[in-house]
Asks: 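Please read through the structure below; I'll follow up with questions.
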Amino acid sequence: MASLSTEIPAAGPAISPAPVLSIVTPAYNEAESVRLLWEKISSVLNDSPWTFEVIYIDDGSSDNTWEKIRQLQADYPQGVRAFRLRRNFGKAAALSVGFSAARGDYVITMDADLQDEPGEIPSLMAKLEEGYDLVSGWKRERNDPLEKRLPSRLFNAVTRKISGLELHDFNCGLKAYRVEVVRELPLYGELHRYIPILAHAEGYRVTEIPVKHHAREFGISKYGLGRYFKGFLDLLTVAAITRFLQRPGHLFGGSGLVLGGLGFLILCYLTAVKLFLGAGIGQRPLLLFGVLLMLLGVQLISVGLVGELIVRKLGGHREAYQVRETLG
Ligand code: UDP
Ligand code: MG
């Protein structure tokens, strides 16, 4: 008779303990780079005080990036995790997948194309340990062609002006965060460029340090001038959220009250003319003007109220992506 085992059955494979650092790296057609990136990162971090995981997000690649990531994950199941998006959703969406998956206390974002230098991680971490919540890399010597560097300079200058945040380089893929900064960020479109602005508006302490930047070795850049166009429109959205439209009820309601009030006074005046002077007012242009101003005032106040309700409702997280597969 077989003896009954009294041992408690194992609850499946052991889950590795949460690492301290989560490196989040979006990859769109970067097949040649993904393994090299892991090797560079682990050679820097293996002798460091920090345990780490690298989270790859394949942003709908059409080359064999996912295959390469899959092999890498099979070789290093403790250190590599990966998500594959159903199609190309853009870098912002890819990053937000990584942000919600990160298990570390600190998150580092890094492009998958080897242009960012993993050797800078200790300097970024030193700044976080000083007490900053977000440390942005600054590609002081940027190794990209002039036609990328010039528009980028202009873009950074405009962004500084509109956002009021004094960073040199909003486009650097290499950044470090305390995990709470990125956990609930609603990111879509080109908004990843403005994470420091959004974080700054939330009251987080933001700084930057110069970092090394390499020329692209494999593959091609995914971004042309079009990104600045889209990026500029998204900048307006960010500025609206963080600076100008915190209280739409006040912005629109204020102008609505002034204009509507003016219309009301005009109509009072015309009523007095009619009642006390007995004059006809039906033909006066001022009548139309007063009525229009009153209507405009009511409209503006309503827009402001609707805006307030939307701002309150949409404060939370928004899914702007679809995950196809998950490893690790
Ligand atoms: N990327 C992405 N989705 C995209 C475009 C780019 O995940 O739709 C990734 C890309 O694979 C790279 C990083 O974002 O790791 C930065 O892109 P890229 O190197 O093309 O930009 P550049 O360095 O030329 O500014
Ligand atoms: Mg690049």
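Keep in mind the model is a prediction, meaning the values are calculated, not measured.
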Asks: Does Arg193 reach the side chain of Asp234, with side-chain heavy atoms less than 4.5 Å apart?
Replies: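 Not touching, per the 4.5 Å side-chain cut-off.
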Asks: Asp113 and salt bridge (charged side-chain N to carboxylate O under 4.0 Å, His left out): which single residue from Lys222, Arg216, Lys91 fits?
Replies: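 Answer after filtering Lys222, Arg216, Lys91: Arg216.
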Asks: Indicate yes or no: at least one non-hydrogen side-chain atom of Leu21 is less than 4.5 angstrom from one of Ile121.
Replies: yes
Asks: What are the two closest heavy atoms between Lys175 and Pro196, and how far apart are they?
Replies: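 The answer is CE-CG, 3.7 Å.
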Asks: Mind checking whether Tyr177 and Tyr204 have side chains closer than 4.5 Å, heavy atoms only?
Replies: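 The answer is no; the side chains never approach within 4.5 Å.
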Asks: If I compare all heavy atoms of Cys172 with all of Gly137, which pair ends up nearest, and what's the gap?
Replies: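 Looks like CB-O, 3.1 Å.
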Asks: Which of these, Phe52, Tyr56, Trp38, sits in a ring pair (Phe, Tyr, Trp, His ring centres under 6.0 Å) with Tyr76?
Replies: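 The passing option is Trp38.
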Asks: Quick one: does any side-chain atom of Glu208 pair with a main-chain N or O of Ser136 as donor and acceptor, under 3.5 Å?
Replies: no
Asks: Kindly state each residue pair satisfying ring pair (Phe, Tyr, Trp, His ring centres under 6.0 Å) with at least one member in residues 262-296, sequence neighbours excluded.
Replies: none
Asks: Evaluate whether atom CG of Leu150 has more than 12 neighbouring non-hydrogen atoms of other residues, nucleotides or ligands under 6.0 angstrom away.
Replies: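 Result for CG/Leu150: enclosed.
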Asks: Could you check whether any side-chain heavy atom of Val44 comes within less than 4.5 Å of a side-chain heavy atom of Pro122, counting everything from C-beta outward?
Replies: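 Side-chain contact under 4.5 Å: yes.
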Asks: Would Phe99 and Leu187 count as a side chain to side chain contact (heavy atoms under 4.5 Å, CB included) if you check the C-alpha gap in whole Å, the side-chain angles of each, and the deciding distance to 0.1 Å?
Replies: CA-CA 10 Å; Phe99 290 157; Leu187 288 188; 3.8 Å; yes
Asks: My understanding is that only one of Leu72, Leu114, Asp116, Asp111 makes a side chain to side chain contact (heavy atoms under 4.5 Å, CB included) with Leu37; could you say which?
Replies: Leu114
Asks: Decide yes or no for Ile23 and Leu45: does some side-chain heavy atom of the first lie under 4.5 Å from some side-chain heavy atom of the second?
Replies: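 Contact flag for Ile23/Leu45 side chains = yes.
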Asks: For residues Glu166 and Arg160, determine if any side-chain heavy atom of one lies less than 4.5 Å from a side-chain heavy atom of the other.
Replies: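 A side-chain contact under 4.5 Å exists here.
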Asks: Taking C-beta and beyond as the side chain, do Thr159 and Ile197 meet within less than 4.5 Å on heavy atoms?
Replies: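 Of all side-chain heavy-atom pairs linking Ile197 with Thr159, at least one is under 4.5 Å.
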Asks: Hey, does Lys139 have a side-chain heavy atom less than 4.5 Å from the side chain of Asn171?
Replies: yes
Asks: Keeping the roles fixed (side chain from Glu53, backbone from Val80), state whether a donor-acceptor pair exists under 3.5 Å.
Replies: no
Asks: Closest heavy-atom contact between Ala27 and Ser61?
Replies: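 Answer, listing the atom of Ala27 first, then Ser61: O-OG, 3.4 Å.
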Asks: Does Arg205 reach the main-chain N or O of Leu134 with its side chain, forming a donor-acceptor pair under 3.5 Å?
Replies: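 Answer holds: no.
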Asks: Answer yes if the side chains of Lys127 and Thr207 hold a donor-acceptor pair under 3.5 Å, and no otherwise.
Replies: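 No, no side-chain donor-acceptor pair sits under 3.5 Å.
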Asks: Could you pull out the closest heavy-atom pair between Lys148 and Ser221, with the gap in Å?
Replies: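 Shortest heavy-atom contact: NZ-OG, 2.7 Å.
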Asks: Grab the two heavy atoms, one from Ser62 and one from Asn29, that are nearest each other, plus how far apart they are.
Replies: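 Shortest heavy-atom separation between Ser62 and Asn29 comes out as N-OD1, 2.7 Å.
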Asks: Could you give me the CA-CA distance, side-chain angles and deciding distance for Glu141 and Arg149, then say whether salt bridge (charged side-chain N to carboxylate O under 4.0 Å, His left out) is met?
Replies: CA-CA 10 Å; Glu141 276 141 49; Arg149 291 193 331 258; over 6 Å; no
Asks: Provide the closest heavy-atom pair for Arg142 versus Ser152 in the form atom of the first, atom of the second, distance.
Replies: NH1-OG, 3.2 Å
Asks: Tell me whether the NZ or CZ atom of Arg87 lies within the 45° cone about the ring axis of Phe89 and under 6.0 Å from its centre.
Replies: yes
Asks: Relative to Trp138, does Arg140 satisfy both conditions: NZ or CZ under 6.0 angstrom from the six-membered ring centre, and within 45 degrees of the ring's axis?
Replies: yes
Asks: Would you check if the side chain of Thr51 reaches a backbone N or O of Val20 as a donor-acceptor pair within less than 3.5 Å?
Replies: yes
Asks: Do Tyr194 and Leu95 sit in the same hydrophobic cluster, where Ile, Leu, Val, Met, Phe, Trp and Tyr count as joined when their side-chain heavy atoms come under 4.5 Å apart?
Replies: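 Yes, Tyr194 connects to Leu95 through the hydrophobic network.
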